[in-house]
Novice: 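Here it is, the structure in full.
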Amino acid sequence: MGVTGGIAAYKSLDVLRILQRQGHGVSVVMTHTAERFVGSASFSALSGREVGTHLFGDAEQPGYHHLDVNDGKDIMLVAPASANTISQMASGAASSLLTSCYLAFRGPVVVAPAMNTSMWLHPATARNINTLRADGVHLVEPESGLLADGAVGPGRLAEPNVIVAAVEAVLAGAPSRRDLAGVRVLVSAGGTREPIDAVRYVGNRSSGRMGWALAAAARDRGADVTVVQANVDLPREPGIRYVDAPTAAAMHDSCRAEFPQCDMLIMCAAVADYRPVAAADGKLDKSTADALTVQMERTTDILAELAALRDEQVLVGFAAEHGPAGLERARGKRTRKAVDIVVHNDAAVEGAAFEGPDNVVTIIGPGDAEEALPRMSKRQCAERILDAARPLVHAGTVTA
Ligand code: C5P
């Protein structure tokens, strides 16, 4: 078990305790920064083993060498994993004992990141996390919540029992559920922009985070994933195909083209319901009039249109509604649009729906089923939505 520097380092004592209670022997290596948060003596007292902190053995620490890391070790866990250590692991740097052990170790590796929200959301960290994933590292996603710096957001170390469960799952040879292997999932994400003139548009606040989370979750469960995306400014994930569709018309064309090749469509994009009838050439000149009236027309409801064309595809729609009557409207949408599942979110709830890392959703369908979920990360919501949709996939499709 590798421990890196961060306020969450004290929680790895709990992780160690639970691992031992489950019958595992644990050897700990710490970075120097970790030692500033928790003393190595706590880990050696609990584990009953020498704790490695230095890259080179010395009189105080004879014999601990990173090349011993394969001796009888089944799995490596890094908890908490700091942005710095994640970056070193992603680039293959071997400047600490911990990262040298990572490079030398031949077994499976589980990483549980913890850092402040800005560091976690930084594109450099996202890139490094993607690299680790592509290198086969198993990630225990950080949770959202109140962090040590007083901010609320993603970055908090997952609970010790969640981390231990991930370690157990990897050890049991079930690295992740592959229950969507062979299933082709089409996800629309982001928000369309409808041009008024060459530089202005009518748009909405969708960030694309929910669609991104759905795509990543489906990929991790073995699906073949295509994302039709409108104006999303988030790092792209490896192993996912992206098609750009910035306007409702482009989204319509791309979804129609991709739909026959998919087994499940999750229409998560906020598609404009109205667009300017015609976009002005060039930039409208404000000196010519004090008021501007833009004539708008309805766009095609892509989801309803595709539902009428469907073969055996599973269809999931979203309904971002405002206020208490919204749930009933969302139920109505499921029937009217003839889709299997509608995911309702209340745009009036603080911190839910648009832009943020979390969501509060009710999954309506299939059939009479209805599940009101508490606030959770968009990734966790995505897993629950896939759990609900997965049984509807045509039995012959899944290869797992
Ligand atoms: O009716 P409403 O726009 O609230 O329905 C939302 C659902 O319909 C979402 O799944 C959205 O992606 C989809 N939609 C669509 N085409 C539109 C507008 C919304 O497919 N023009």
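As the structure lists them, so they are numbered: ligands from 1, and atoms in each ligand from 1. Everything numeric here is computed off the predicted structure, so don't read it as measured data.
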Novice: Without hydrogens or angle criteria, can the side chains of Arg49 and Ser27 be said to hold a donor-acceptor pair below 3.5 Å?
Specialist: yes

Novice: Which residue holds the protein heavy atom closest to atom 16 (N) of ligand 1, what is that atom called, and what is the gap in Å?
Specialist: Ile302 N, 3.0 Å

Novice: Measure the distance from atom 13 (C) of ligand 1 to every protein heavy atom, then report the residue, atom name and distance (to 0.1 Å) of the closest one.
Specialist: Met267 CG, 3.9 Å

Novice: Do Asp244 and Arg236 meet the salt-bridge criterion of a basic N to acidic O distance under 4.0 Å?
Specialist: yes

Novice: Does any N/O atom on Cys268 come nearer than 3.5 Å to any N/O atom on ligand 1?
Specialist: no

Novice: Any atoms of ligand 1 less than 4.0 Å from a non-hydrogen atom of Thr299? List them with their elements.
Specialist: 21 (N)

Novice: I'd like to know whether ligand 1 has Ala272 as a neighbour, heavy-atom separation below 4.0 Å.
Specialist: yes

Novice: Give the residue and atom name of whichever protein heavy atom lies nearest to atom 1 (O) of ligand 1, and the separation in Å to one decimal.
Specialist: Lys337 NZ, 2.9 Å

Novice: Quick one: which of Thr300, Asp301, Asp273, Thr192 has a heavy atom closest to atom 18 (C) of ligand 1?
Specialist: Asp273

Novice: With a 4.5 Å cut-off on side-chain heavy atoms, are Val78 and Met89 touching?
Specialist: yes

Novice: Below 4.0 angstrom from a heavy atom of Gly317, which ligand 1 atoms are there? Numbered from 1 as shown, please.
Specialist: 10 (O)

Novice: Counting from 1, what ligand 1 atoms have a heavy atom of Leu303 closer than 4.0 Å?
Specialist: 8 (O), 10 (O), 15 (C), 20 (O)

Novice: Specify whether His54 and His32 have parallel, tilted or perpendicular ring planes, treating 30° as the upper limit for parallel and 60° as the lower limit for perpendicular.
Specialist: perpendicular

Novice: When you check the side-chain N and O atoms of Thr293 and Gln295, is any donor under 3.5 Å from an acceptor?
Specialist: no

Novice: Is Arg17 salt-bridged to Asp14, cutoff N-O under 4.0 Å?
Specialist: yes

Novice: Considering heavy atoms of the protein only, find what lies nearest to atom 6 (C) of ligand 1 and give residue, atom and distance to 0.1 Å.
Specialist: Phe318 O, 2.9 Å

Novice: Where's the contact between Ala269 and ligand 1, heavy-atom distance under 4.0 Å: side chain, backbone, both or neither?
Specialist: backbone

Novice: So do Phe43 and Met1 actually touch side chain to side chain, heavy atoms under 4.5 Å?
Specialist: yes

Novice: Before signing off on this row, confirm whether Ser188 and ligand 1 have an N or O atom pair separated by under 3.5 Å.
Specialist: no

Novice: Do any nitrogen or oxygen atoms of Glu321 come within less than 3.5 Å of a nitrogen or oxygen of ligand 1?
Specialist: no

Novice: Identify whether Val342 and Val361 are in the same connected component of the hydrophobic contact network (ILVMFWY, side-chain heavy atoms under 4.5 Å).
Specialist: no

Novice: Of the listed options (Val343, Val339, Val271), which comes nearest to atom 17 (C) of ligand 1 when hydrogens are ignored and any heavy atom counts?
Specialist: Val271

Novice: Can a cation-pi geometry be assigned to Arg310 and Phe259, taking NZ or CZ under 6.0 Å from the six-membered ring centre and within 45° of the ring axis?
Specialist: no

Novice: Under a 4.0 Å heavy-atom limit, does Lys333 contact ligand 1 with its side chain, its backbone, both, or neither?
Specialist: side chain

Novice: Can you check whether Ala270 has an N/O within less than 3.5 Å of an N/O in ligand 1?
Specialist: no

Novice: Side chains of His24 and Glu168: do they bring a donor and an acceptor to under 3.5 Å?
Specialist: yes

